[in-house]
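Working notes, structure below.
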Amino acid sequence: MNTYNVDLNNLPKHIAIIMDGNGRWAKQRGLPRTAGHFKGADNLKRITHFCYDIGIKTLTLYAFSTENWKRPQDEVDALFNLFYEKLQDYKALMGDRKAVVRFLGDKKPLSEKLRNKMREIERDSLKYLDGGFTFNFAINYGSRDEILKATREVAELYKNGDIDIEDINEKLFSNHLYTYGLPDPDLMIRPSGEQRISNFLLWQSAYTEFYYSNVLWPDFSPKMLADAIIEYQKRNRRYGGV
Ligand code: FPP
């Protein structure tokens, strides 16, 4: 395995990636946008292999945001068909690696067929809780939506007399986010030249290190991911201290 000079003793525990630039990748080649998403899905596999091989424990990928419904219907349909097809494929890959798979986001608006597949994958992967690798797909995920969901749940607890106002703290609140139980991301990567967070893990990224690259997601290689980790390893994380 080529680790591209990453210091394996100082790895980020959790890497989050905004898989951006599929559409532009396709456009540059005169292909339909969906061809870019197919290529992006292939890259997801390559990057997942690499992360697993070097020992990253948690990987979270932004596949579809609560705002992505604004895209043309045929692109949305193609994306969900792709998710369905690829999830079957990833299921085997994740099984080989004994990974826990989680889907972050609101499943309600998704088709029943896809929801069932997602639930089946999540449930079957629970046997790997001790396996040490967790793979999260953010599908129909939006951080503001997630924070509101948590707020409603916490309000409900208070209303039912299960908690006092003083019990509301970061830990309790975090337990109502889709990411409950996961460590916050240490490193957030966004390829494709855009430098924004786009409603992804707003609460969780309070002290996350950001890394941007101009390369479009389908071309974002394991070597480039290694470069991102090496850059992360040089940073001095102070968490508000000195
Ligand atoms: C953003 O690129 C990418 C997406 C909205 C979709 C990402 C999805 C995949 C890579 C497939 C994942 C597969 C599974 C199974 C989860 P963009 O379309 O915004 O690109 P652009 O900014 O160049 O238009």
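Order of appearance sets the numbers: ligands from 1, and atoms from 1 within every ligand. Just the heavy atoms: all of them, side chains too, but no hydrogens, waters or symmetry mates, feed the values below. What you are looking at is a predicted structure, and each value in this text was computed from that prediction instead of being measured.
Formation of a donor-acceptor pair under 3.5 Å by the Asn160 side chain with backbone atoms of Asp162 is not found in this model.
Ion pairing between Lys149 and Glu153 holds under the 4.0 Å rule for side-chain N and carboxylate O. Under 4.0 Å is where a charged nitrogen must lie from a carboxylate oxygen, and between Glu194 and Arg24 at least one such pair does. Checked for salt-bridge contact, Glu122 and Lys107 meet the test: a charged N lies under 4.0 Å from a carboxylate O. Under 4.0 Å is where a charged nitrogen must lie from a carboxylate oxygen, and between Asp124 and Lys91 at least one such pair does. Salt bridge Asp42/Arg46: absent, no basic N to carboxylate O contact under 4.0 Å. Classification of Asp186 and Arg237 as a salt-bridged pair holds, one side-chain N sitting under 4.0 Å from a carboxylate O.
Contacts with ligand 1 closer than 4.0 Å are made by side-chain heavy atoms of Arg71 only, the backbone lying farther away.
Atom numbering of ligand 1 starts at 1 in the shown order; those under 4.0 Å from a heavy atom of Lys86 are 15 (C). Ligand-side atoms of ligand 1 in range of Ala63: 4 (C), 5 (C), 6 (C), 7 (C), 8 (C), 16 (C), range being under 4.0 angstrom from any heavy atom. For ligand 1, the atoms sitting less than 4.0 Å from at least one non-hydrogen atom of Gly40 are 10 (C), numbered in the order shown with element in parentheses. Within ligand 1, the atoms closer than 4.0 Å to a non-hydrogen atom of Tyr90 are 15 (C), numbered from 1 in the order shown. Atom numbering of ligand 1 starts at 1 in the shown order; those under 4.0 Å from a heavy atom of Arg24 are 21 (P), 22 (O), 23 (O).
Looking from atom 1 (C) of ligand 1 to the surrounding protein, the closest heavy atom is Met19 O, 3.1 Å. Residue, atom and distance of the protein heavy atom nearest to atom 10 (C) of ligand 1 are Asn22 ND2, 3.4 Å.
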Derivation of the side chain to side chain contact (heavy atoms under 4.5 Å, CB included) call for Phe133 and Thr48: CA-CA 11 Å; Phe133 185 53; Thr48 304; 4.3 Å; yes
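Relative to the ring axis of Trp69, Arg71 does not place its NZ or CZ within 45° and under 6.0 Å from the centre.
For atom 4 (C) of ligand 1, the candidate residues are Lys27, Glu75, His37; the nearest heavy-atom contact is made by His37. In the candidate list Gly23, Ser65, Ala41, Ala41 is nearest to atom 11 (C) of ligand 1, counting heavy atoms. When the heavy atoms of Phe103, Phe83, Trp25, Phe64 are ranked by distance to atom 14 (C) of ligand 1, first place goes to Phe83. The closest non-hydrogen atom to atom 12 (C) of ligand 1, taken over Leu44, Asn68, Asp42, Asp20, comes from Leu44.
The closest approach between any non-hydrogen atom of Ser192 and ligand 1 is not below 4.0 Å. Heavy atoms of Arg33 come nearer than 4.0 angstrom to ligand 1 in at least one pair.
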